[in-house]
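Keep in mind it's a predicted model, so treat the numbers as computed, not measured.
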Amino acid sequence: MIHLDPQSLTQRENYKLLIGSIIPRPVAVVTTRSAEGTLNIAPFSFFSIVSSEPAIVSIAVQRKKGGMKDTAHNLLTTKEAVIHILDRSNVAAANQAAALLPAEQSELTVANFTPVPSQTIGVPGLQEAKIRFETTLYQHIPIIEEETKVDLLLLKITGYQINEEVYEEGKINPKKLAAVSRLAGNSYAEIGEIFDLARPKEKEDK
């Protein structure tokens with residue numbers, strides 16, 4: 001085994017090891033709105049479930065040169081966001097939304113998305129996504145080493161918007177969702193072989 005000390009590596013070197021190892025990663029396409037009303041769209045693969053009761057998800061937003069990204073800034077200002085699950089049908093548009101644009105310019109100018117009203121919050125969702133989580137900011141946790149490096153945002157789900165095509169008796173059909181995951185570099189992955197493995201049964205008290 002090769003031993004590497006993360007403290008001796010650069011941010012970029014740590015980043016490459018992490019994104020190449022922790023795969024596949026789900027991708028959240030996040031819409032937020034600035035105080036001035038500009039709709040921001042950005043994909044994040046540092047995204048996960050935190051809790052089912054209450055229903056909370058997380059995104060981690062890396063700062064650039066100490067500056068907060070638009071998504072984090074908007075969330076801290078308006079306290080609202082819509083999380084969309086990336087799938088094969090909208091991955092190209094989401095990739096275009098990753099372009100670095102001025103805060104006053106919406107990614108709608110470069111990405112083929114259609115905004116639609118949300119039911120529980122003011123921030124619009126994107127029609128092209130099969131699954132949308134309407135959320136409010138639950139907690140902001142700054143990750144600090146000398147200065148703030150990352151904004152970890154915990155988001156409480158206030159409403160699910162789910163395409164009927166993927167919803168079956170209270171569950172999501174993974175094949176019909178066709179979620180796309182992030183690997184490293186320019187690489188993505190689709191859902192491949194799915195297999196089942198039963199968990200060990202709990203032992204009965206004697």
Side-chain angles (χ1 to χ4, degrees), residues 1-2 14-32 41-62 71 81-98 107 111-116 118-120 124-136 138 150 152-204:
M1 299 292 284
I2 299 170
N14 275 308
Y15 176 79
K16 287 182 177 180
L17 291 175
L18 288 166
I19 67 167
S21 301
I22 302 174
I23 57 175
R25 298 188 308 283
V27 180
V29 181
V30 184
T31 55
T32 56
I41 309 169
F44 293 94
S45 68
F46 290 11
F47 159 59
S48 189
I49 302 168
V50 175
S51 168
S52 58
E53 189 179 0
I56 292 176
V57 296
S58 69
I59 58 169
V61 184
Q62 191 87 34
T71 296
V82 183
I83 303 292
H84 308 75
I85 303 301
L86 188 70
D87 65 59
R88 193 66 184 86
S89 67
N90 58 46
V91 64
N95 186 54
Q96 292 299 312
E107 284 73 15
N112 189 25
F113 280 122
T114 309
V116 291
S118 294
Q119 291 193 21
T120 63
L126 302 173
Q127 180 175 284
E128 287 74 15
K130 296 185 181 77
I131 294 178
R132 307 195 300 268
F133 302 154
E134 297 170 5
T135 72
T136 56
Y138 181 82
V150 179
L152 176 60
L153 302 157
L154 304 186
L155 307 172
K156 186 174 182 178
I157 298 173
T158 58
Y160 298 101
Q161 304 298 335
I162 302 173
N163 189 305
E164 295 88 347
E165 177 187 345
V166 303
Y167 184 80
E168 297 178 357
E169 298 180 353
K171 298 179 182 179
I172 304 299
N173 184 313
K175 292 183 179 178
K176 292 181 179 179
L177 175 58
V180 170
S181 61
R182 196 75 170 90
L183 302 178
N186 293 325
S187 298
Y188 293 80
E190 298 183 51
I191 296 291
E193 178 187 358
I194 298 175
F195 63 92
D196 295 332
L197 189 62
R199 291 189 179 188
K201 294 182 179 179
E202 293 185 12
K203 294 182 179 179
E204 295 181 4

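Of all heavy-atom pairs between Ala60 and Val150, the closest is CB-CG1, 4.0 Å. Looking at every heavy atom in both residues, Pro24 comes nearest to Ser181 through CB-OG, 3.0 Å. In terms of heavy-atom proximity, Ala55 sits nearest to Tyr160 at CB-OH, 3.8 Å. Considering all non-hydrogen atoms of both residues, Tyr167 and Gly170 come closest at OH-CA, 3.4 Å. When every heavy atom of Gln127 is checked against every heavy atom of Arg132, the shortest pair comes out as CA-NH1, 4.3 Å. Across every non-hydrogen atom of Gly125 and Thr31, the tightest pair is CA-OG1, 4.4 Å.
Taking 4.5 Å as the limit, every side-chain heavy atom of Pro26 sits out of range of all side-chain heavy atoms of Leu86. For the pair Ile85/Phe133, a side-chain contact is recorded, criterion being any heavy-atom separation below 4.5 Å from C-beta on. Looking at Gln161 and Val82, their side chains never come closer than 4.5 Å, going by heavy atoms from C-beta outward. Here the side chains of Leu152 and Ser58 are in contact, with some heavy-atom distance below 4.5 Å.
The backbone N or O of Ser187 lies less than 3.5 Å from a partner atom in the side chain of Arg182, making a donor-acceptor pair. Between the Glu128 side chain and the Ser89 main chain, no donor and acceptor come within less than 3.5 Å of each other. For Thr135 (side chain) and Ala81 (main-chain N/O), a donor-acceptor pair under 3.5 Å exists by modelled atom type. Without hydrogens or angle criteria, Thr158 side chain to Glu134 main chain gives a donor-acceptor distance under 3.5 Å.
To the nearest 0.5 Å, atoms CG (Asn90) and CG (Asn112) are separated by 10.5 Å. Rounded to the nearest 0.5 angstrom, Thr120 OG1 and Ile157 CD1 are separated by 10.0 Å. Taking CD1 from Ile83 and OG1 from Thr32, the interatomic distance works out to 9.5 Å, rounded to the nearest 0.5 Å. For the atom pair Ile56 CD1 and Leu155 CG, the distance stands at 9.0 Å (nearest 0.5 Å). Atom OG of residue Ser118 and atom CG of residue Leu126 lie 9.0 Å apart, to the nearest 0.5 angstrom.
In the displayed structure, Asn95 atom CG is contacted under 6.0 Å by more than 12 heavy atoms of other residues, nucleotides or ligands. Sparse packing is recorded around CD of Gln119, with 12 or fewer heavy atoms of other residues, nucleotides or ligands lying under 6.0 Å away. Crowding of Tyr138 atom OH: a count of heavy atoms from other residues, nucleotides or ligands under 6.0 Å not exceeding 12.
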Show your working on salt bridge (charged side-chain N to carboxylate O under 4.0 Å, His left out) between Glu165 and Lys130 and close with a plain yes or no.
CA-CA 8 Å; Glu165 177 187 345; Lys130 296 185 181 77; 5.4 Å; no

Donor-acceptor pairs under 3.5 Å, side chain of residues 41-53 to any protein atom, not counting sequence neighbours: which ones?
from, atom 1, to, atom 2, distance (Å)
Ser45, OG, Arg25, NE, 3.2
Ser45, OG, Arg25, NH2, 3.2
Ser51, OG, Glu53, N, 3.2
Ser51, OG, Glu53, O, 3.4
Ser51, OG, Pro54, O, 2.7

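His84 pairs in a side-chain contact (heavy atoms from CB on, under 4.5 Å) with only one of the listed residues (Val27, Val30, Val29), which is Val29.
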